[in-house]
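This report concerns only the one structure given below.
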2 protein chains.
Amino acid sequence: MNRHRYRKKNGDNFRWTNPRRDLVNIFTKEEHLSADEAYMKVKQKNPEIGVATVYRNLDFLTERGILNRFRFGDVKARYELRDLEKENHHHHLICESCGKIINYSEFVQREKKLINAMEKELSEKHGFQINSHQLHFYGICKDCRDK
Amino acid sequence: MNRHRYRKKNGDNFRWTNPRRDLVNIFTKEEHLSADEAYMKVKQKNPEIGVATVYRNLDFLTERGILNRFRFGDVKARYELRDLEKENHHHHLICESCGKIINYSEFVQREKKLINAMEKELSEKHGFQINSHQLHFYGICKDCRDK
DNA sequence: TATGATAATGATAACTATTATCAGTTAGTT
DNA sequence: AACTAACTGATAATAGTTATCATTATCATA
Ligand SMILES: [Mn+2]
Ligand SMILES: [Mn+2]
Ligand SMILES: [Zn+2]
Ligand SMILES: [Zn+2]
């Protein structure tokens, strides 16, 4: 599991650097980018940046709770800004044909109730402390169906 | 998205070979194996088998609906036999510390209702045809918490 | 039950995503 | 301005997976 280990050991005295700022900026404009896609974007603003820096900081920002990391069946990880408000909490539809990813936030209320009950029971029954959940729907998007 | 393309073009005249039989057998005994883990297991029975064959057939069996493929935050894919009965439908708890994967099937009834409603609305609203869903809970397992 | 078409295999090279290493650079503190 | 640890970029290394290709095995048919 531990393939992401650019972890801080002592304290939290991190530095707010340009690559970090640039990355966060990019994710305010675009969602679900892979490391490579983010790298391309950041490069436009700062051609000097290296891939390793992008990977390191996607990891850094994810561990700091600023980004969410997903793996949608695809090998490569994808990222988005973490929802600040609970109301924005959303999940994903993934097209198995073209790979398109669609956000949806319907049913948040009803879902929340079920998820809360689940988390409670699961943590009691399995002694498992739940930190987050992901709900993915796989299928075929409208565009691909129309073809 | 199309990184898995050992796909048949013409018809469905596939052959029921030893590697395929062996793989299915292994998954009746163990769950959530990665390609490499499955390879090791099959090798015990048939030391001649190659990795490529394992990858090809994990893919083959997944596309034939015999196996489920997952990516639990980890880079590597993991597989299990697809649930034959709806009653066995289950989801997963993933420990972010040790990587342990726990099946759970509580709430299937309540969940089914919500999921059905979701699938209906989502397909109407987004024109998206939903084929399957995955619900993953991430957190810390009992063993890791006790340490 | 032998034959033939072609699906499948195994070895291995290649590729893609990610991580480690390390010398040089910077942010933030004094 | 000087100091120091955090950070960076280049690049090598690794892990997981897929492509290639010559050889073999399956199975429908004769
Ligand atoms: Mn999203
Ligand atoms: Mn399972
Ligand atoms: Zn599509
Ligand atoms: Zn654990």
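Worth saying up front: this structure is predicted, and the values here are computed from it rather than measured.
- The nearest whole Å value for the distance from the OH atom in B:Y39 to the C1' atom in C:dT9 is 13 Å.
- Put simply, CG on B:D59 and CZ on B:R64 are 10.0 Å apart, with the number rounded to the nearest 0.5 Å.
- Set against C:dG10, C:dT18, D:dT17, the side chain of B:P19 has C:dG10 as its closest nucleotide.
- Annotation: ring pair (Phe, Tyr, Trp, His ring centres under 6.0 Å) contacts of B:H136 (sequence neighbours excluded): B:F72.
- Spacing between atom CG of A:L23 and atom P of D:dC7 amounts to 14 Å, rounded to whole angstrom units.
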Under a 4.0 Å heavy-atom criterion, the protein footprint on nucleotides 25-30 of chain D, written with B, S and -, is BBS---
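- Taking atom CG of residue B:D74 and atom C1' of nucleotide C:dT18, one finds them 12 Å apart after rounding to whole Å.
- Under 4.0 angstrom from either OP1 or OP2 of C:dT18 there lies at least one side-chain N or O belonging to A:Y55.
- Annotation for A:F107: hydrophobic cluster partners, listed by chain and number, are A:L93, A:I102, A:Y104, A:L114, A:I115, A:M118, A:L122, A:F128, A:I130, A:L135, A:F137, B:L93, B:I102, B:Y104, B:F107, B:L114, B:I115, B:M118, B:L122, B:F128, B:I130, B:L135, B:F137 (ILVMFWY side-chain heavy atoms under 4.5 Å, direct or chained).
- Ring orientation note: the planes of A:H90 and A:H32 are tilted relative to one another, at an angle of 30° to 60°.
- D:dT24 atom P lies 17 Å from atom CD1 of B:I49, rounded to whole Å.
- A search for side chain to side chain contact (heavy atoms under 4.5 Å, CB included) contacts involving B:T17 returns B:R15, B:P19, B:R20, not counting sequence neighbours.
- Atom C1' of nucleotide D:dA15 and atom CD of B:E37 are separated by 14 Å, given to the nearest angstrom.
- For B:K76 and C:dT16, the NZ to C1' distance is 17 Å, given to the nearest whole Å.
- Checked by distance alone, B:R71 brings no side-chain donor or acceptor within 3.5 Å of a matching partner on the base of D:dG16.
- The interatomic distance linking A:N13 (CG) with D:dT4 (P) rounds to 15 Å, in whole Å.
- Between the P atom of C:dG10 and the CZ atom of B:R20 lies a distance of 11 Å, rounded to the nearest Å.
- Applying the salt bridge (Lys or Arg N to Asp or Glu O under 4.0 Å) rule to pairs touching residues 107-120 of chain A yields A:K120-A:E124, sequence neighbours excluded.
- With sequence neighbours excluded, the residues that form a ring pair (Phe, Tyr, Trp, His ring centres under 6.0 Å) with A:H89 are A:H91, A:H133.
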